[in-house]
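Below is one structure; the comments refer to it alone.
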Number of protein chains: 2
Amino acid sequence: MNILSYGLLGLLTRDESSGYDLMLRIQPHWQAKHSQIYPILSRMEDDGLLSARWVEQTDKPDKKMYRVTDKGIQKLLDWMYTPVSTPALRDELNLRMICFQVTNPIVMKRWVDERRDWFESRLAYYEALLANLPEEAVQPGSPYFGEYIVNTKGTMTAKTGIEWCHWVNGLMNAHYQEREATRTH
Amino acid sequence: MNILSYGLLGLLTRDESSGYDLMLRIQPHWQAKHSQIYPILSRMEDDGLLSARWVEQTDKPDKKMYRVTDKGIQKLLDWMYTPVSTPALRDELNLRMICFQVTNPIVMKRWVDERRDWFESRLAYYEALLANLPEEAVQPGSPYFGEYIVNTKGTMTAKTGIEWCHWVNGLMNAHYQEREATRTH
DNA sequence: ACAACCATGTAAGCGGTTACATGATTCA
DNA sequence: TGAATCATGTAACCGCTTACATGGTTGT
């Protein structure tokens, strides 16, 4: 039972869902592909944590709908009282930055601009998720409160990222304009 | 050649270093264990990207010092012109949050407090790294400029994290104080 | 004595990505 | 006709973690 398994179990405490739908719903909080999710669901079914039924559809392909069992809920509750792990920092941009001196500042400018675009798309993504939440989500008693606070975390992180990109660009511009000025004198 | 390999190559363009030292230097930017780094260095040596020599020490165990070769520098330069990948978001706390409704708000309060402590230790860590950089690091022309901006990114991210934790605690407190007030009436 | 730090390695196993494989429906 | 979305699976491979393994020095 890895972390992703518990996340899927958690989503299934809300609604009966298909593997495909779970993949889409877990994406904003934990990046996972269908090839990882389907085997996990099968194994949890074998272990009696989930029950499943096939639902026939006419307009779309048939799907397998999963539901949590009591045993699954118990497993989830046990997890709640274990320590929460902290995320490992592993961003390629960091490594690019620490060895950018082997090349020129133009490539660095492009990395920062691309990253700013990415942060902006992330910001729009989390804002859209927040907009789609029911109004009651802002109340700590709501079942959507968790989504509300993690999506807000997403927007805050994205905003900080954008801010950082602007800051780096500002430093670069100031430096190279100054150099340009001294050269023309 | 994975991302970590290029990061090690980049660090080695500055100084000749041992595997142990590289492990310590890469940690702030890319979390990696010695068991992953040593085999990578061996393979890069076999591929002619690095050269190595053993240095005898009297007070400490002997160490193997690595240096980048011209072929290694070329490999690093090629990498500089490939697209930068974006980090995958995978934080256990997010998954805990989205299924916290199966349990009580007390456990959630503990997760947030623990995470705030972690962010605070991260902040102190990056501030210490910044303090140890030479003054010239703030100049985009300095070889330490990359370190300066990524460590600053670390402090900004940590500060945002702390802010978020306070915000969540504020929401929780307001809600449960209000509930307490209505109950005593 | 014991812990902490320095220093280097190997092996097993898990988590995640990429690619392979199939197939229906809808829309441009 | 071709691309996009829905839908489910398997197999190979890579990256990273955990554990195993060794051994010297320094400080409490």
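Letters go in sequence order (proteins before strands), and every chain restarts at 1.
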Within-4.5 Å side-chain heavy-atom neighbours: B/Pro87 and A/Trp118
yes
Residues in residues 73-94 of chain B with a heavy atom under 4.0 Å of DNA chain C, by number, are B/Arg90
Counting only non-hydrogen atoms, which of residues 54-69 of chain A are less than 4.0 Å from DNA chain C?
A/Thr58, A/Asp59, A/Pro61
Quick check with a 6.0 Å cut-off and a 45 degree axis cone: is A/Arg14 positioned over the face of A/Tyr144's six-membered ring?
yes
To the nearest Å, give me how far apart OH (B/Tyr38) and C1' (D/dT22) are.
13 Å
B/Glu56 atom CD, over 12 foreign heavy atoms within 6.0 Å:
no
Tracing side-chain contacts under 4.5 Å among Ile, Leu, Val, Met, Phe, Trp and Tyr outward from A/Val55 reaches A/Met65
Walking along DNA chain C from 5' to 3', note the first and the last nucleotide with an atom under 4.0 Å from a heavy atom of chain A, and give both.
C/dG15 to C/dT26
Between B/Asp21 and B/Lys63, is there a salt bridge with N-O shorter than 4.0 Å?
no
Using atom types as modelled and distance alone, determine if a side-chain donor or acceptor of A/Thr155 lies under 3.5 Å from a backbone N or O of A/Leu123.
no
In whole angstrom, what separates A/Ile3's CD1 from D/dC16's C1'?
13 Å
When you measure from every atom of DNA chain D, which of residues 15-35 of chain B have a heavy atom less than 4.0 Å away?
B/Trp30, B/Lys33, B/Ser35
Measuring only between side-chain heavy atoms, which start at C-beta, is A/Met80 closer than 4.5 Å to A/Tyr6?
no
Take atom CZ of B/Arg43 and atom C1' of D/dG15, then tell me their distance rounded to the nearest Å.
11 Å
Please find out if less than 6.0 Å separates the ring center of A/Trp54 from that of A/Tyr66.
no
Under 4.5 Å between any side-chain heavy atoms of A/Tyr176 and A/Lys109, yes or no?
no
Taking B/Arg110 first and then B/Asp113, would you say they form a salt bridge - that is, a charged N and a carboxylate O separated by under 4.0 Å?
no
Is the number of heavy atoms from other residues, nucleotides or ligands under 6.0 Å of A/Asp70 CG greater than 12?
no
For D/dG15, does either OP1 or OP2 sit under 4.0 Å from a side-chain N or O belonging to B/Gln36?
no
Is it true that a side-chain atom of A/Asp15 and a backbone atom of A/Ser17 form a donor plus acceptor pair closer than 3.5 Å?
no
Are A/Tyr126 and A/Leu11 joined in one hydrophobic group, where the rule is that I, L, V, M, F, W and Y side chains link up if heavy atoms are under 4.5 Å apart?
no
Under the side chain to side chain donor-acceptor pair (under 3.5 Å) criterion, do B/Thr103 and A/Tyr81 qualify, and how do the steps go?
CA-CA 10 Å; B/Thr103 179; A/Tyr81 294 93; 3.3 Å; yes
Rounded to 10°, tell me the angle between the two end axes of the helix from C/dA1-D/dT28 to C/dA28-D/dT1, each built from five pairs.
30°
Would you kindly check if the NZ (Lys) or CZ (Arg) of A/Arg96 is within the cone defined by 45 degrees around the ring axis of B/Trp79 and under 6.0 Å from the six-membered ring centre?
yes
